[in-house]
Amino acid sequence: MDSAEPTGRLRALDPNLPFLAARAAIELDNIMLRRSATTEAISALAFVLRSSTELNSSSQCSLLDPITVETLTDALSETHGKPITTIAMLVEQARALVVSLMKASEVGQQDDQRLRELRLFCIALSRITSSHLQANYESSRSQHPHRV
């Protein structure tokens with residue numbers, strides 16, 4: 001993997017996340033088109049999601065920051081059309097997504113309908129995180145003390 005991929009936990013304001021999600025969507029497209037494709041971005045996205053939703057001694061509420069919770073909730077809701085109302089629902093759906101992404105990265109484990117859903121999720125995640133980054137950038141520029 002190259003340095004353009006996030007490591008560790010999912011963070012909505014990670015500047016590399018929109019690119020990783022977009023690359024994963026392209027890889028999913030290539031799999032559906034039966035083109036020779038790498039699955040590095042799919043695997044990396046699955047790793048980041050899995051790392052973010054693993055249970056440890058702390059509660060599920062502390063696994064993700066509020067902006068990331070909002071981003072992940074929006075992307076999953078947009079993809080599945082069902083609202084996510086609790087952190088437990090979010091974690092459950094994210095874990096199911098990890099399993100699906102890991103399956104998609106394995107040769108011969110493709111279900112075209114599920115691949116389409118995963119691609120839609122990746123596109124939504126890329127778009128939503130890009131807009132959060134843009135808003136954060138614009139906010140920081142306008143509030144800089146040395147700017148007019």
Side-chain angles (χ1 to χ4, degrees), residues 1-56 58-141:
M1 303 247 180
D2 59 41
S3 61
E5 290 152 9
T7 57
R9 298 170 87 180
L10 184 70
R11 295 285 176 235
L13 296 178
D14 181 336
N16 297 316
L17 186 57
F19 180 65
L20 176 63
R23 282 186 41 212
I26 291 168
E27 289 178 2
L28 290 161
D29 251 347
N30 286 332
I31 292 170
M32 286 187 292
L33 295 171
R34 310 293 189 251
R35 293 183 183 159
S36 175
T38 98
T39 58
E40 289 179 11
I42 296 170
S43 298
L45 186 58
F47 172 78
V48 169
L49 284 167
R50 184 180 62 228
S51 297
S52 299
T53 58
E54 288 176 338
L55 287 177
N56 53 28
S58 61
S59 71
Q60 289 179 349
C61 292
S62 66
L63 292 176
L64 301 169
D65 63 88
I67 295 173
T68 303
V69 168
E70 177 187 357
T71 300
L72 194 53
T73 299
D74 290 349
L76 284 166
S77 295
E78 187 175 309
T79 305
H80 297 295
K82 294 185 266 183
I84 297 172
T85 57
T86 66
I87 294 293
M89 285 176 67
L90 176 65
V91 170
E92 179 184 327
Q93 285 194 18
R95 287 183 181 159
L97 185 67
V98 167
V99 170
S100 294
L101 285 168
M102 291 170 66
K103 264 188 174 176
S105 69
E106 297 171 7
V107 176
Q109 298 294 317
Q110 294 86 13
D111 167 23
D112 280 352
Q113 179 59 33
R114 187 62 181 149
L115 290 174
R116 278 190 277 287
E117 291 172 6
L118 291 172
R119 182 186 63 194
L120 289 174
F121 168 79
C122 291
I123 291 167
L125 183 64
S126 180
R127 183 179 41 73
I128 292 167
T129 55
S130 291
S131 68
H132 279 299
L133 285 167
Q134 182 67 28
N136 189 48
Y137 172 75
E138 289 172 1
S139 173
S140 68
R141 280 186 51 106

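- Partners of Ser77 by side chain to side chain donor-acceptor pair (under 3.5 Å), not counting sequence neighbours: none found.
- Around CE of Met102, the count of heavy atoms belonging to other residues, nucleotides or ligands within 6.0 Å does not exceed 12.
- Heavy atoms only, all atoms of each residue included: Ala96 and Arg114 are closest at O-NH2, 4.2 Å.
- The CD1 atom of Ile42 sits 14.5 Å away from the NZ atom of Lys103 when rounded to the nearest 0.5 Å.
- A side-chain contact (heavy atoms from CB on, under 4.5 Å) with Leu72 is found for exactly one of Val69, Leu76, Asp74, namely Leu76.
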Salt bridge (charged side-chain N to carboxylate O under 4.0 Å, His left out) between Arg119 and Asp112, worked out
CA-CA 10 Å; Arg119 182 186 63 194; Asp112 280 352; over 6 Å; no
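- Note that CG of Asp29 is 8.0 Å distant from CZ of Arg35, once rounded to the nearest 0.5 Å.
- With no hydrogens or angles considered, no side-chain donor-acceptor pair links Thr79 and Glu117 at under 3.5 Å.
- Ala24 and Ala41 make their closest contact through N-CB, 3.6 Å (heavy atoms, listed as atom of the first residue, atom of the second, distance).
- Separation of atoms CG (Asn30) and CG (Leu115) is listed at 11.5 Å; rounding is to 0.5 Å.
- Rounding to the nearest 0.5 Å places OG1 of Thr39 at 11.0 Å from CZ of Arg23.
- Rounding to the nearest 0.5 angstrom, the gap separating the CG atom in Leu17 from the OG1 atom in Thr129 is 4.5 Å.
- Atoms CG and CE, on Leu118 and Met32 in that order, are 9.0 Å from each other to the nearest 0.5 Å.
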